[in-house]
Structure formats: C-alpha cells, structure tokens
Amino acid sequence: MNNHGTPRRRRTTAYLAAGLLIPGASIVYGLMPADAATQPPAGTGALVAAAPARKNLDDPAKKEVAMQIVSAAENSSLDWRAQFSYIEDIDDGRGYTAGIIGFCSGTGDMLELVEAYTRTTPSNVLARYLPALRRVNGSDSHAGLDPNYPRDWRRAAQDPAFRAAQEAERDRVYFNPSVAKGKSDGVRALGQFAYYDAAVVHGYEGMESIRSRALRRAKPPARGGDETRWLNVFLDERVVEMKKEEAHSDVSRIETAQRVFLRNGNLDLNTPLDFAVYGDPYHIG
C-alpha cells in the first residue's frame, strides 16, 4: 500500500534583486525574499534582512505536512486524502478503524463522527448504524455493523459532506487541542506535531498523560526548559506508552521519524523531510 509517488508540494517565494553601493565598498545584495527586506536604520545606509516569522503547525502548509506524516504511519501512504474510505479491523481491540485519522468504533470518536455527519446530512447511508455504534462503543464488537458497514462507509466517503465531517472531527478532537497545548508549552511546529501524533494514537487524554509523566523529568520552554531536551523526554514517555500494547509495539513513527527531525534540529518541521516508518522510506519536499 506504500505510495512514494505522491506529488510534492513546493512553496514559492518572491525574490528581490538589489544592487547596493556603499561608499568605500561595493556590496551586491542578490536574491533576498522580498518580504524580508526592512528599511535600514537611520544613517547606516545598510539593508537589513528581517528573520522570517516562524510558523505553527496550523499554518496550512505545515498542516499538510503533518497530515502526510501521520498518514505514512497510519496507512503507509503520504496520500492522506485517499484514506477517507479506508476501513478495517486491525485487531487492536478497538473494533473498526476507519477514515483519515483512524476513527474507531470502540473508542467513541467514530460514533461522534457519524453523529456529526447525520446532523448535517440526516439521510446519509451511515445514519442507520447509529444505534449499533452506541452499543459497541467501548468494545471490539461488530454487532449490528456486519456485514455491510464497511461497504456503506466506503459509499459515504464519496460524499463531500462526509469528507468534510471527517476533517472537522479530526481538527476538533485531535489537531486543534494538540496544537493549542503545544503553543502554550512554547514548543514549535515539531513539538506541536509530537503532541498531535500522540493524540491520534492514544487519544487527547492519553497525550496529556504522556505529557504529565514527562513533566516529572523536564520542563517545556514556557516553563524555562530547553525545547530539545523537553521533546526528547516527551518522546521517551511516548515510546513507553506505545510499548504497552502489542498493536503499537513498533515505535518507528517516533524513532525513525520524529526523533530524526529532532536530532537534525528541525524544530520548525521545515521541508524537505526524509524519514522512515515500519522500514519504509518517505520524502516530503
């Protein structure tokens, strides 16, 4: 199912070519980002380049990268938009796992998704399964869902309203609170992603539990701690949590992806990114 041929997003920047002559020295300023140029201090005659503003994970381009990295771990593909129709029981005790973020019939988030979809589209093909989804919540049972629920999930995934509902629930339950917590802790895009990925796998409350254990050993930047040390401790605790379940015992989504970015000092999660999950290599340009 690996897909290493996903089109790569490239961000373009306007450039300013400037030739500047200072008495006594000839200095040529070549390609500079046009929005980086600031007015020189009075009397200096020099052109000062402002540092580019750092972008959080909720910047659209950064968010796209986040979705691709998670999809590599969840679906062995960078093409996260191809996963709206995905559904299977992966034998992790959570019933059916489906959609772009792995909504599960046994953990409540799939139920909330179908309820949200039904509020906007009452006659949708999944609405009939709401009673069964309420009954199986908290278990790995398929009672009332088999044999046609997977087929109907894939049918629903053709509906733009259902795809929009999946994105909205992903953001409401996982992405937005994780990014907000990262901002309050003073971590940059990589740290915000580490929180988000933990929430995807363990639930937001599970991410908070991991963070609470990390706080016993280190401090986030907002509390005066070193960002790299804090994230290494957080990832250490994440590995401990992953290994509690056989289904999550492969921790390559941490050790050969997030930890690689951290070792490279890429706290802003800037592209290009080269990493591996389950031994499969990926490149995001």
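We count residues from 1, following the sequence as given.
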>> For a side-chain contact (heavy atoms from CB on, under 4.5 Å) check, start with the C-alpha distance between Y129 and D152, then their side-chain angles and the critical distance, and finish with the verdict.
In response: CA-CA 10 Å; Y129 295 101; D152 288 338; 2.6 Å; yes
>> For L273, run the side chain to side chain contact (heavy atoms under 4.5 Å, CB included) check against N264, V260, I69 and tell me which one passes.
In response: I69
>> Please determine whether a side-chain nitrogen of the Lys or Arg among E115 and R134 lies less than 4.0 Å from a carboxylate oxygen of the Asp or Glu.
In response: yes
> Quick one: does Q166's side chain have a donor or acceptor within less than 3.5 Å of a partner on I100's backbone?
Replying inline: yes
>> Walk me through whether D146 and Y96 qualify under side-chain hydrogen bond (donor to acceptor under 3.5 Å, both in side chains).
In response: CA-CA 10 Å; D146 287 344; Y96 279 118; 2.4 Å; yes
> Does any N or O in the side chain of N124 come within less than 3.5 Å of the main-chain N or O of A127, such that one atom is a donor and the other an acceptor?
Replying inline: yes
>> Let me confirm one number: the CZ-CG distance from R263 to N266, rounded to the nearest 0.5 Å.
In response: 12.5 Å
> ring-ring contact (aromatic ring centres under 6.0 Å, His included) with H202: which residues, sequence neighbours excluded?
Replying inline: none
> Between A198 and I210, what is the shortest heavy-atom contact and its length?
Replying inline: CB-CD1, 4.4 Å
>> As an exercise, state the distance from CG of L57 to OG of S178, rounded to the nearest 0.5 Å.
In response: 9.0 Å
> For the residue pair F261 and F275, does the interplanar ring angle fall in the parallel (under 30°), tilted (30 to 60°) or perpendicular (over 60°) class?
Replying inline: perpendicular
> So, Q192 side chain and V187 main chain: donor-acceptor pair closer than 3.5 Å or not?
Replying inline: yes
> Is there a chain of hydrophobic side chains (I, L, V, M, F, W, Y, each step under 4.5 Å between heavy atoms) that links M242 to Y278?
Replying inline: yes
> So, does R213 use its side chain to make a donor-acceptor pair with the main chain of E237 at under 3.5 Å?
Replying inline: yes
> Does the side chain of Y204 reach to within under 4.5 Å of the side chain of K181, using non-hydrogen atoms?
Replying inline: yes
> Per the side chain to side chain contact (heavy atoms under 4.5 Å, CB included) rule, which among T120, L113, V125, T121 passes with F162?
Replying inline: L113
> Is a salt bridge present between R238 and E255, judged by a nitrogen-to-oxygen distance below 4.0 Å?
Replying inline: no
> Of all heavy-atom pairs between S77 and S71, which one has the smallest distance, and what is that distance?
Replying inline: O-OG, 2.6 Å
> After noting the C-alpha distance and the side-chain angles of S252 and D250, does the key distance pass the side-chain hydrogen bond (donor to acceptor under 3.5 Å, both in side chains) rule?
Replying inline: CA-CA 6 Å; S252 58; D250 186 313; 2.6 Å; yes
> Does the pair W153 and M110 meet the rule for a side-chain contact (heavy atoms from CB on, under 4.5 Å), with working shown?
Replying inline: CA-CA 11 Å; W153 178 281; M110 181 180 286; 4.0 Å; yes
>> Among residues at least two apart in sequence or on other chains, which ones pass ring-ring contact (aromatic ring centres under 6.0 Å, His included) with Y196?
In response: F175
>> Donor-acceptor check, side chain of E169 to backbone of D109, threshold 3.5 angstrom: yes or no?
In response: no
>> For D89 versus D140, what's the shortest heavy-atom pair and its separation?
In response: OD2-O, 4.3 Å
>> For the CG atom of N75 and the CH2 atom of W80, what is their distance to the nearest 0.5 Å?
In response: 12.0 Å
> Is there a donor-acceptor pair under 3.5 Å between the side chain of S141 and the backbone N or O of V136?
Replying inline: no
> Which heavy-atom pair separates G102 from T97 by the least distance, and what is that distance?
Replying inline: CA-CG2, 3.6 Å
> Between L126 and Y149, is any pair of side-chain heavy atoms under 4.5 Å apart?
Replying inline: yes
> Does some side-chain heavy atom of K183 sit less than 4.5 Å from a side-chain heavy atom of D58?
Replying inline: yes
>> Contact between P150 and E88 at the side-chain level, heavy atoms closer than 4.5 Å - yes or no?
In response: no
>> Quick check against the 3.5 Å criterion: does E167 have a side-chain atom that pairs as donor or acceptor with the backbone of R163?
In response: no
> So, for L215 and P220, which heavy atoms are closest and what is the spacing to 0.1 Å?
Replying inline: CD2-CD, 3.6 Å
>> Keeping D268 on the side-chain end and N270 on the backbone end, is there a donor-acceptor pair under 3.5 Å?
In response: no
> Transitively linked via ILVMFWY side-chain contacts under 4.5 Å: M207 with V233?
Replying inline: no
>> By the side-chain hydrogen bond (donor to acceptor under 3.5 Å, both in side chains) test, which pairs, at least two apart or in different chains, include something from residues 223-234?
In response: R188-E227, Y195-W230, N232-R259
> In Å and rounded to the nearest 0.5 Å, what is the CG to CG distance from D171 to N176?
Replying inline: 5.0 Å
> Do H248 and E241 have side chains that get closer than 4.5 Å, going by heavy atoms?
Replying inline: no
> Which atom pair, heavy atoms only, marks the closest approach of L133 to L145?
Replying inline: CD2-CD2, 4.0 Å
> Does D92 use its side chain to pair, donor to acceptor, with the backbone of R94 at less than 3.5 Å?
Replying inline: yes
> What distance separates L235 CG from R253 CZ, expressed to the nearest 0.5 Å?
Replying inline: 12.0 Å
> Just how far is it from atom CG of D274 to atom OG1 of T256, taken to the nearest 0.5 Å?
Replying inline: 12.0 Å
